[in-house]
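Numbers here simply count residues along the sequence, with the first being 1.
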Amino acid sequence: QVQLVESGGGLVQPGGSLRLSCAASGRTSSLNVMGWFRQAPGKERQFVTAITRDADRRYYADFLTGRFTISRDNAKNTVYLLMNSLKPEDSAVYYCAASSLPVRTVVPTSAYDLWGQGTQVTVSS
């Protein structure tokens, strides 16, 4: 069984940066698309970004306006999310997700069958 473990969350001031990591353990060769979602209190889980197995395609939510970057190191079985110019509205629990099956569209949560436990990101002065 593959497990996903996020790390790197915390408290940061507006305009600051954080890098989240998602380490996959187990049979990682079965992983296809990997992505990041976030969920703020009282809101639905929201797509943030995704990357294909060979990192040849990256997908980003429109609201990001180039502030976040996803990357993937298959040798380390790890996906990263670099977040720059953070805003208070970016505060949420960030979840790593992975799909072991071919994905037609990366946005819906239903496209992913593996999830991490989440890491809290708080942007506040």
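- Residues Tyr60 and Ile70 form a side-chain contact, since some pair of their non-hydrogen atoms from C-beta on lies under 4.5 Å apart.
- Residues passing the salt bridge (Lys or Arg N to Asp or Glu O under 4.0 Å) test with Arg45: none are found, sequence neighbours excluded.
- Asn32 places a side-chain N or O within donor-acceptor distance of the main-chain N or O of Leu101, the cut-off being under 3.5 Å.
- Val123 and Leu81 fall within a single hydrophobic cluster, where Ile, Leu, Val, Met, Phe, Trp and Tyr are joined by side-chain heavy atoms under 4.5 Å apart, directly or via other members.
- When all heavy atoms of Pro14 and Ser124 are compared, the pair lying nearest together is CD-C, 3.6 Å.
- Side-chain atoms of Ser17 and Val12, non-hydrogen and from C-beta on, never get closer than 4.5 Å to each other.
- Among the candidates Tyr80, Tyr95, Trp36, the single residue satisfying the side-chain contact (heavy atoms from CB on, under 4.5 Å) test with Cys22 is Trp36.
- A salt bridge (charged side-chain N to carboxylate O under 4.0 Å, His left out) check over residues 48-65, counting only residues at least two apart or in different chains, returns nothing.
- Gln117 has its side chain within reach of Glu6: a pair of non-hydrogen atoms, C-beta onward, lies under 4.5 Å apart.
- Taking CZ of Arg67 as the start and CG of Asn84 as the end, the distance is 9.0 Å to the nearest 0.5 Å.
- Heavy-atom minimum distance, Ala50 versus Val106: CB-CB, 3.9 Å.
- No donor-acceptor pair under 3.5 Å is formed between the side chain of Thr78 and the backbone N or O of Ala23.
- Aromatic ring centres of Tyr112 and Phe37: separated by under 6.0 Å.
- Scanning for side chain to side chain contact (heavy atoms under 4.5 Å, CB included) contacts around Ser100 gives Ser30, Asp113, with sequence neighbours left out.
- Proximity of Trp115 to Thr109: side-chain heavy atoms (C-beta onward) are separated by under 4.5 Å at one or more points.
- In the hydrophobic clustering of this structure, Leu114 groups with Tyr94; members are Ile, Leu, Val, Met, Phe, Trp, Tyr whose side-chain heavy atoms approach within less than 4.5 Å, directly or through other members.
- Residues Gln46 and Phe63 meet the side-chain proximity criterion, which asks for heavy atoms closer than 4.5 Å.
- Val2 and Val5 are members of different hydrophobic clusters when ILVMFWY side chains are connected at heavy-atom separations under 4.5 Å.
- Taking CG from Leu11 and OG from Ser125, the interatomic distance works out to 9.5 Å, rounded to the nearest 0.5 Å.
- In this structure, Ser25 OG and Gln1 CD are separated by 10.5 Å, a value rounded to the nearest 0.5 Å.
- Atom CD of Gln120 sits in a crowded spot, with more than 12 heavy atoms from other residues, nucleotides or ligands closer than 6.0 Å.
- When every heavy atom of Asp90 is checked against every heavy atom of Ser85, the shortest pair comes out as OD2-O, 4.4 Å.
- Residue Glu44 qualifies as open at atom CD: its count of foreign heavy atoms under 6.0 Å is 12 or below.
- No continuous path of ILVMFWY side-chain contacts below 4.5 Å connects Ile51 to Tyr59, so the two sit in separate hydrophobic clusters.
- Side-chain contact between Val121 and Met83 is present, with at least one heavy-atom pair separated by less than 4.5 Å.
- When each of Leu20, Leu86, Leu18 is paired with Phe68, the side-chain contact (heavy atoms from CB on, under 4.5 Å) condition holds for Leu86 and for no other.
- The closest side-chain heavy-atom distance from Leu31 to Arg72 is below 4.5 Å.
- Residue Ser91 comes nearest to Ala40 through the heavy atom pair O-CB, 3.9 Å, listed as atom of the first residue, atom of the second, then distance.
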